Amino acid sequence: LLARKNFGCGSSREHAPWALEQYGFTALIAPSYADIFFNNSFKNGILPIVLSEAQVDQLFNEALAFPGYQLTIDLERQVIVKPQGEEIPFEVQAFRKYCLQGGFDDIGLTLRHADKIKAYEAERLAQKPWLNNRIV
């Protein structure tokens, strides 16, 4: 999705990224984003790319001039590839890139350590068995 500056302003809840993701968007390109929306996009598997206003203007002009215009996002190499093969580099934090590539949300990151969590809980209950008492 190609957008203008401060995209996502007024959409701080996760509903906005959910709606975009459910519509099929996996990447956004804009000069800037509302802070909370930007963070929630990553948490919901959407890559918000920041380009300059001039670059975004050029992409809008090209999209209007050529029906069916499509861009390819190469997250691994951190470039946007235009139909003619020209590449536009973009930045993304390494941890966010890792999460997007692995399909990890906050819960998924935690569940990578499920074995360690289970071992810790078993050891804790062995040392403090009264914590296992349940009121029925």
Side-chain angles (χ1 to χ4, degrees):
L1 176 64
L2 193 56
R4 297 293 183 183
K5 65 183 175 181
N6 204 24
F7 186 73
C9 179
S11 304
S12 62
R13 295 209 166 105
E14 287 190 77
H15 297 90
W18 289 347
L20 290 169
E21 187 273 332
Q22 289 173 4
Y23 197 77
F25 292 105
T26 56
L28 311 170
I29 301 171
S32 62
Y33 299 88
D35 289 341
I36 296 171
F37 175 85
F38 184 79
N39 292 321
N40 282 339
S41 293
F42 280 108
K43 289 181 179 190
N44 287 282
I46 298 173
L47 172 63
I49 297 171
V50 177
L51 296 181
S52 71
E53 285 192 53
Q55 288 171 308
V56 171
D57 284 342
Q58 182 179 0
L59 292 175
F60 266 108
N61 291 335
E62 291 173 10
L64 289 170
F66 303 104
Y69 186 82
Q70 290 186 2
L71 300 169
T72 302
I73 310 282
D74 185 336
L75 178 57
E76 179 64 35
R77 294 179 34 236
Q78 294 181 210
V79 294
I80 299 166
V81 183
K82 292 181 167 187
Q84 318 87 313
E86 181 186 344
E87 295 182 349
I88 304 170
F90 64 88
E91 295 296 319
V92 61
Q93 292 176 339
F95 179 71
R96 288 181 163 171
K97 180 177 177 178
Y98 168 78
C99 290
L100 287 171
Q101 289 176 317
F104 298 123
D105 60 7
D106 291 346
I107 294 170
L109 286 169
T110 302
L111 290 177
R112 292 176 310 141
H113 305 287
D115 292 340
K116 291 178 184 177
I117 294 168
K118 287 177 187 173
Y120 169 82
E121 289 297 327
E123 182 180 331
R124 184 176 69 99
L125 288 176
Q127 293 174 353
K128 301 174 183 177
W130 63 89
L131 293 176
N132 199 27
N133 291 338
R134 297 183 182 158
I135 299 174
V136 180

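Treat the numbers as computed from the prediction; the structure is a model and nothing was measured. Side chains included, hydrogens not; waters and symmetry mates left out as well; all remaining heavy atoms used.
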Ala16 and Phe37 have their tightest heavy-atom pair at CB-CE1, 3.9 Å
Which word best sums up how the rings of Phe38 and Tyr33 line up, parallel for under 30°, tilted for 30 to 60°, or perpendicular for over 60°? tilted
Spell out, yes or no, whether Ile29 and Val50 are grouped together once hydrophobic residues are joined by side-chain heavy atoms under 4.5 Å, including indirect joins. yes
What's the spacing between Leu47 CG and Ile80 CD1 if we round to 0.5 Å? 8.5 Å
Would you compute the distance between atom CD1 of Ile117 and atom CG of Leu111 and round it to the nearest 0.5 angstrom? 7.0 Å
So ring-ring contact (aromatic ring centres under 6.0 Å, His included) across residues 71-112, not counting sequence neighbours, yields Tyr98-Phe104
Given side chains that start at C-beta, do those of Arg4 and Asp57 come closer than 4.5 Å, heavy atoms only? yes
Check Leu71 against Pro83 and note the closest heavy-atom contact, atom names and distance. CD2-CD, 4.3 Å
Could you measure the distance from the NZ atom of Lys82 to the CG atom of Leu59? Nearest 0.5 Å is fine. 5.5 Å
Is the shortest side-chain N to carboxylate O distance from Glu121 to Arg124 below 4.0 Å? yes
Please say yes or no: joined through hydrophobic side-chain contacts below 4.5 Å, possibly via intermediate residues, are Leu75 and Leu28 part of one cluster? yes
Evaluate the side-chain contact (heavy atoms from CB on, under 4.5 Å) criterion for residues Arg96 and Asn39: first the C-alpha distance (whole Å), next the side-chain angles of each, then the deciding distance (0.1 Å), finally the verdict. CA-CA 10 Å; Arg96 288 181 163 171; Asn39 292 321; 2.4 Å; yes
Closest heavy-atom contact between Lys97 and Glu76? NZ-O, 2.8 Å
Would you please classify the geometry between the Tyr69 ring and the Phe66 ring as parallel, tilted or perpendicular, with 30° and 60° separating the classes? parallel
How would you list, by chain and number, every residue that makes a salt bridge (Lys or Arg N to Asp or Glu O under 4.0 Å) with Arg112, sequence neighbours excluded? none
State yes or no: do Val81 and Val92 share one hydrophobic cluster built from I, L, V, M, F, W and Y residues joined by side-chain heavy-atom distances below 4.5 Å, directly or via other members? no
Residues, nucleotides or ligands: over 12 heavy atoms within 6.0 Å of Leu64 CG: yes
Ile73 side, atom CD1; Ile49 side, atom CD1 - distance, nearest 0.5 Å: 3.5 Å
Close side-chain approach of Ile46 and Phe25, heavy atoms under 4.5 Å: no
Nearest non-hydrogen partners of Pro31 and Ser52, listed with the distance: CB-C, 4.4 Å
Would you indicate whether Asp35, at its atom CG, is surrounded by more than 12 heavy atoms from other residues, nucleotides or ligands within a distance under 6.0 Å? no
Atom OG1 in Thr26, atom CG in Asn44: separation rounded to 0.5 Å? 13.0 Å
What about Ile88 and Leu1, same hydrophobic cluster or not, with Ile/Leu/Val/Met/Phe/Trp/Tyr joined at side-chain heavy-atom distances under 4.5 Å? yes
Using a 3.5 Å distance criterion without hydrogens, assess whether the side chain of Lys43 forms a donor-acceptor pair with backbone atoms of Asp105. no
Minimum-distance pair of heavy atoms, taken over all atoms of Phe7 and Ala30: CB-CB, 4.2 Å
Do the side chain of Asn6 and the main chain of Cys9 share a donor and acceptor less than 3.5 angstrom apart? no
Interatomic spacing from CD in Glu14 to OG in Ser41 - rounded to 0.5 Å: 9.5 Å
Heavy-atom closest contact (Pro89 atom, Leu51 atom, distance): O-CD2, 3.9 Å
Residue Gln70 excluded, over 12 heavy atoms near CD under 6.0 Å: no
